[in-house]
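Right, one structure below, let's go through it.
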Amino acid sequence: MNSIRTGEWQKLAVSLAELSLDTTLRCGQSFRWKKLNEDEWTCSLRGRVISLKQDPKQDPNHVLYKVTWPSNSPLTKLSSSGKGVKVEDDSTKDDTEALLRHYFNLEPNLTELYERWSMADPNFKKRAPKFTGVRILKQDAWEALVGFICSSNNNIARISQMVNNLCLSYGPLIGHVHDQPFHDFPTPESLAGPEVESQLRKLGFGYRAKYLARTAVIVSKEKPENWLESLSNTEPFDETEWKTLKPGGRPGYRKSHEELLALQGVGPKVADCVCLMGLGWGESVPVDTHVWQIAQRDYKFGKGKHKSLTKATYDAIGNHFRLLWGEEAGWAHSVLFAADLRTFAIRLTEKTEVQEELQIKAESEDGVIVQATTVVKKREAIREETIKEETTDDLNVVFSTTAKRTRRR
DNA sequence: CAGGTC
DNA sequence: GCTGG
């Protein structure tokens, strides 16, 4: 019994291990979610504004969601958005829960996948515990395409700002939440006009303005209707096929990737991001600077044939991870990617401090000397880590900054 | 320097 | 080679 306009908080049954909002919405997959009121994530999705809350301490088994519909939205609009639910008089049941289950891609059992990846890969097992609940979203393919065309030579904060400006300028207003306006994502048609490139340059898109304008024309005018969506993976999720996956991925993935490369501003990395996060191809492994660093640091790339990130190296890294992690290699890749982001660097110290306290307690209860030595070693490891993290600047850390920033190990 | 592309 | 957090 969801009310249409003044949404109340509803429960979505999904555990923290299956979905971490904080990690998933900040790891550079989607660029539109806004964190309001400290703990509330809000974004427009298919003609409505959705707010989400997750309180790990109070209820680790649910995500709370609230819907805000446009103030002038007739009830019939509910059933007009594709797979909407029938609307009957006042007892209105909207399709937002189904939308959320689809958007957050809740079908695969992430806990089982983490266990499998940990079994196959010691490095994953080492990095993943502080980054549980990272899911690959099923975003709208067009939105993913636009977002990742903006991502080249750019950072997540500015990508988010650019996408926000794009929605404010070209997307229809849906409504306000906490006095913030929320617009829908602009359609390809709305970005296909002749003045779009110059407008986008004024909005600070730089050379990406031309890419977006060209791509919008291609998608809306030169390709057949629904072309982008037709590149989606329609095969059912099958966790048993991972052992027989070809290194290069399934034929459908390879074809989609190749077709996307024809667009302006879309190279192999952007194409893989769209394949993975917009088209449902779980074996797609986008290789960017972070993944390249990870491949060199933890998987022995960067030597011999693969000394630099050429196309051959790019493909070799993807193939390696597909062999190692299987059909959902892109999901596992995203966990390690998140673990490499400076945005989350504080986690690499926070939880070890908790571990330290627990170890001290165990020590005082046992009083055994063997235990004490392990504690001392752990403390030293923490101190070493803390020194490396003190240059983190995006979390208002009050340490004084050192001259040079060393790459984290 | 930042999730690359032409 | 565009641009700003």
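As a basis for the values below, the full set of heavy atoms in this structure was taken, side chains included, without hydrogen atoms, waters or symmetry mates. Naming: A, B, ... by sequence-line order, numbering from 1 per chain.
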Task: Rounded distance (Å) that lies between atom P of B/dC1 and atom CH2 of A/Trp292 - done: 17 Å
Task: Proximity to the side chain of A/Lys269 - top-ranked nucleotide from B/dC6, B/dT5, C/dC2 - done: B/dT5
Open item on the list: Rounded to whole Å, please give me the gap between OH in A/Tyr314 and C1' in B/dT5.
Closed with: 12 Å
Open item on the list: What contact category does A/Cys27 fall into here, base, sugar-phosphate, or nothing, at under 4.0 angstrom with non-hydrogen atoms?
Closed with: base
Task: Nearest-Å distance for atom pair CZ/C1', residues A/Arg214 and B/dT5 - done: 15 Å
Open item on the list: Base, sugar-phosphate or nothing for A/Val291? Non-hydrogen atoms, less than 4.0 Å.
Closed with: nothing
Task: A/Gln161 side chain near C/dG5 phosphate (N/O to OP1/OP2, under 4.0 Å) - done: yes
Task: Comparing A/His333 and A/Leu261 on DNA chain B - which has the more 5′ nearest nucleotide - done: A/His333
Open item on the list: For A/Phe182, does the six-membered ring have the charged nitrogen or CZ of A/Lys34 within the cation-pi criterion, i.e. under 6.0 angstrom from the centroid and within 45° of the normal?
Closed with: yes
TODO: For A/Phe205 and for A/Ala157, find the nucleotide of DNA chain C with the closest heavy atom, then tell me which residue's nucleotide is more 5'.
DONE: A/Phe205
- [ ] Look only at the side chain of A/Glu328 and the backbone of A/Leu113, and say whether a donor-acceptor pair between them is shorter than 3.5 Å.
- [x] no
Open item on the list: Quick one, A/Leu19 and A/Thr24 - any side-chain contact, counting heavy atoms below 4.5 Å?
Closed with: yes
Open item on the list: Just to be sure I understand the rule, does A/Val287 reach a base, reach only the sugar-phosphate, or reach nothing, if contact means heavy atoms closer than 4.0 Å?
Closed with: nothing
TODO: Find the distance A/Leu341:CG to B/dG3:P and express it as a whole number of Å.
DONE: 7 Å
Open item on the list: Just to be sure I understand the rule, does A/Phe148 reach a base, reach only the sugar-phosphate, or reach nothing, if contact means heavy atoms closer than 4.0 Å?
Closed with: nothing
- [ ] Find the distance A/Arg208:CZ to B/dG3:P and express it as a whole number of Å.
- [x] 12 Å
TODO: Could you tell me whether the side chain of A/Ser284 and the main chain of A/Gly330 form a donor-acceptor pair under 3.5 Å?
DONE: no
Open item on the list: Checking contacts here: which listed nucleotide (B/dC6, B/dG3, C/dC2) is nearest the side-chain heavy atoms of A/Gln264?
Closed with: B/dC6
- [ ] Measure from CG on A/Leu212 to P on B/dC6 and round the result to the nearest Å.
- [x] 12 Å
Task: Per A/Pro286 side chain, nearest of listed nucleotides C/dC2, B/dG3, B/dT5 - done: B/dG3
TODO: Find the distance A/Tyr207:OH to B/dC6:C1' and express it as a whole number of Å.
DONE: 10 Å
Open item on the list: Nearest to the A/Asn155 side chain among B/dC6, C/dC2, C/dG4, which nucleotide is it?
Closed with: C/dG4
- [ ] Report the base-pairing partner of B/dA2 (Watson-Crick or G-U wobble, both distances below 3.5 angstrom), or none.
- [x] C/dT3
Task: From B/dG3, B/dT5, C/dC2, nucleotide with atom closest to A/Pro268 side chain - done: B/dT5
Task: Among B/dT5, C/dG5, B/dG3, the nucleotide that comes nearest once only the side chain of A/Tyr211 is considered - done: B/dT5
Open item on the list: Between P on B/dT5 and CG on A/Asp272, what's the gap in Å once rounded to a whole number?
Closed with: 9 Å
Task: Rounded distance (nearest 0.5 Å) linking atom CD of A/Gln54 with atom CH2 of A/Trp41 - done: 11.0 Å
Open item on the list: Using a 4.0 Å heavy-atom cut-off, does A/Gly265 contact any base of the nucleic acid, only the sugar-phosphate backbone, or nothing at all?
Closed with: sugar-phosphate
Open item on the list: Classify A/Leu263 by what it touches in the nucleic acid, base, sugar-phosphate, or nothing, heavy-atom distance under 4.0 Å.
Closed with: sugar-phosphate
- [ ] Decide yes or no, distance alone: a donor-acceptor N/O pair under 3.5 angstrom between the base of C/dC2 and the side-chain of A/Arg201.
- [x] no
Open item on the list: So if I take every side-chain heavy atom of A/Arg158 and compare against B/dT5, C/dG4, B/dG3, which nucleotide ends up nearest?
Closed with: C/dG4
Task: Carboxylate-amine/guanidinium proximity below 4.0 Å for A/Glu283 and A/Lys246 - done: no
